Each structure stands twice: as C-alpha cells, then as structure tokens.
Amino acid sequence: PLQIARKRLPWAGLTTLFPHIRPATKQDIQILRKLWHVGMMVALVYVYSNVVTSQTGALTVLAVVGGPLVIFDFLRLKWKGLNRLLIWLFGPVMRKRELASVSTMSYFLIGLCFIVAAFPKPIVIAAVLCLAFGDAAAGLVGIKFGKDMLVRGKSLQGSVTCFMICSLIIFLVLAFYGVSSEFLLFISVVGGLTATLAELLTTKPLDDNLTI
C-alpha cells in the first residue's frame, strides 16, 4: 500500500515522520511553513547585522550558499528522483504548487541578492522583515478573517494587516539605524503600501517572495 501511495502522492514518504502533514495550498493555514520562513529570514537579518556585516561579504555568502541551492531547485524539476527526495525532506514546508515548480525559496534568494547589491543595509533589513512578518500576517489574517475579496483570493483584511505591519517595520528599522528625516513617517507609509501592493498584485511567473 505504501508503494501505491508513493506513486499517487509524491510526498507520501512524509507520512513516516509527519503523518498528519501534507504540502499545503495557498488557502491552508500552514503554521510550520510560516514559522520556517519567519525564522529563516530573522536569522538572515541577524547574520547580516552582526556576523557578515559588509555588502561584499554578504554577496559572497549568498553566491556560495544560495547559488547552489537555486541551481539545485531548478535541477530537481528535471530529475524526478531528486525531486522526490527534496519533497520527502521538505514537504511539510512546501506548497502543492512547489512540488512541480520552482520553490519560493529560490525567488527569495534571487530577490535577496538583488537588494543586497543595490541598496544600503537598513533598506535590505526592512525589506526582508516586511516579507517575513507582513506577508505571513497577510496570509494568516486573510485565511482566518478575510471576508472582502480584492484580487485572486486576497482579502482586504489581509492587505490592511500587511500594510500596517510593513509600515511599522520600516519606521522602526530606519529609526534604529538613525535615518533622520522629517518625512520618515511618510517614507514608512509609502514603503508599507509598496510592500502591500507587491503582495497583492504579484502574478505568475513572478512570486511575492521576489517582489516584496
């Protein structure tokens, strides 16, 4: 029966360790996935703030560590055995659409390389934290309390939550780094609105882990 299940469900091997977990759809509340994403991004912010603090050093680490991960992600779509292994290992933090397409991790790493190369550290940290907390909050609130739909299943309630959290994050990060401006509140609101629109309006083939 297990062999039959594995043929029908490519993530069936997960039942060995996680009998009640399956790769989720976008409409599912997947706490493990949210915790994984938030924890990983907060850890990266800590590393960029306290360990690998230079732009050159950060880009080097991303190239050495992130580059192979992105290449591996594309290769697994060509090699079914490799894809099954990845799904067996990481299925609990994957969505169903990622089983046969590029994962959100690759989009995130590509976006991270771009902003580290193009922007100063406060902007990088603000952007990553907006993705970590704003996007996660939008998804959770939208699934649980979303009633007024906007586009592609995104709710007004989720988008408002994303906007509020991202605006607050940008304000706190810029203030922490001593970015002094009489327009700081305005900048924070515009940044929060930009992140929210990126989360709301991103369409395939792009992913909001890249655009936010």
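Only a predicted model underlies this, so the values are computations on that prediction, with no experimental measurement involved.
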Summary of side chain to side chain donor-acceptor pair (under 3.5 Å) pairs that have at least one residue in residues 51-72, sequence neighbours excluded: none

Give, for atom CG of L197 and atom CG of L200, the distance between the pair rounded to the nearest 0.5 Å. 6.5 Å

Answer whether the closest heavy-atom distance between the side chains of L112 and V128 falls below 4.5 Å. yes

Looking at every heavy atom in both A198 and T211, which two are closest together, and how far apart are they? O-OG1, 3.6 Å

Looking at I125 and Y48, what are the two nearest heavy atoms and their distance? CG1-CD2, 4.4 Å

Which atom names give the shortest non-hydrogen contact between A126 and I170, and what distance separates them? CB-CG1, 4.3 Å

Using every non-hydrogen atom in the two residues, find where V173 and P122 come nearest and quote the distance to one decimal. CG1-O, 3.5 Å

Does the side chain of C166 come within less than 4.5 Å of I169's, by heavy atoms? no

Counting N and O atoms only, with roles assigned by atom type, does the side chain of K154 sit under 3.5 Å from a partner on the main chain of L201, one being a donor and the other an acceptor? no

Nearest-0.5 Å distance, CG of residue L172 to OH of residue Y177: 13.0 Å

Going by heavy atoms in the side chains, are F163 and V189 under 4.5 Å from each other? yes

Inter-residue atom distance T202.OG1 - D135.CG, 0.5 Å rounding: 9.5 Å

Any side chain to side chain donor-acceptor pair (under 3.5 Å) pairs touching residues 104-121, not counting sequence neighbours? R33-T104, D73-S106, E98-T104

Give me the other members of the hydrophobic cluster that V141 sits in, counting Ile, Leu, Val, Met, Phe, Trp and Tyr linked by side-chain heavy atoms under 4.5 Å, directly or via other members. F145

pair F108-L44: side-chain heavy atoms closer than 4.5 Å: yes

Is there a side chain to side chain contact (heavy atoms under 4.5 Å, CB included) between L150 and S155 once you walk through the steps? CA-CA 5 Å; L150 297 175; S155 70; over 6 Å; no

Nearest 0.5 Å, what's the CE-CZ distance between M105 and F72? 12.5 Å

Find out whether L210 and F114 are in side-chain contact, i.e. whether some heavy atom of one side chain is under 4.5 Å from a heavy atom of the other. no

So M41 and L131, side chain to side chain contact (heavy atoms under 4.5 Å, CB included) or not? Walk me through it. CA-CA 8 Å; M41 293 176 196; L131 176 59; 3.6 Å; yes

With sequence neighbours excluded, tell me which residues meet side chain to side chain donor-acceptor pair (under 3.5 Å) with N50. none

Kindly give the heavy-atom pair with the smallest separation between T196 and C162, and that separation in Å. OG1-C, 3.6 Å

So side chain to side chain donor-acceptor pair (under 3.5 Å) across residues 157-174, not counting sequence neighbours, yields D148-Q157

Gap separating the CD1 atom of I212 from the SG atom of C130, nearest 0.5 angstrom: 8.0 Å

Rounded to the nearest 0.5 angstrom, the CG-CZ distance for L82 and R76 is 8.5 Å

What about L140 and M149, same hydrophobic cluster or not, with Ile/Leu/Val/Met/Phe/Trp/Tyr joined at side-chain heavy-atom distances under 4.5 Å? no

So among I187, L193, T194, which one has a side-chain contact (heavy atoms from CB on, under 4.5 Å) with V190? T194

Residue pair V116 / A58: nearest heavy atoms and the distance that separates them: CG1-CB, 4.0 Å

For D207, the side chain to side chain donor-acceptor pair (under 3.5 Å) test, sequence neighbours excluded, returns R97, N209

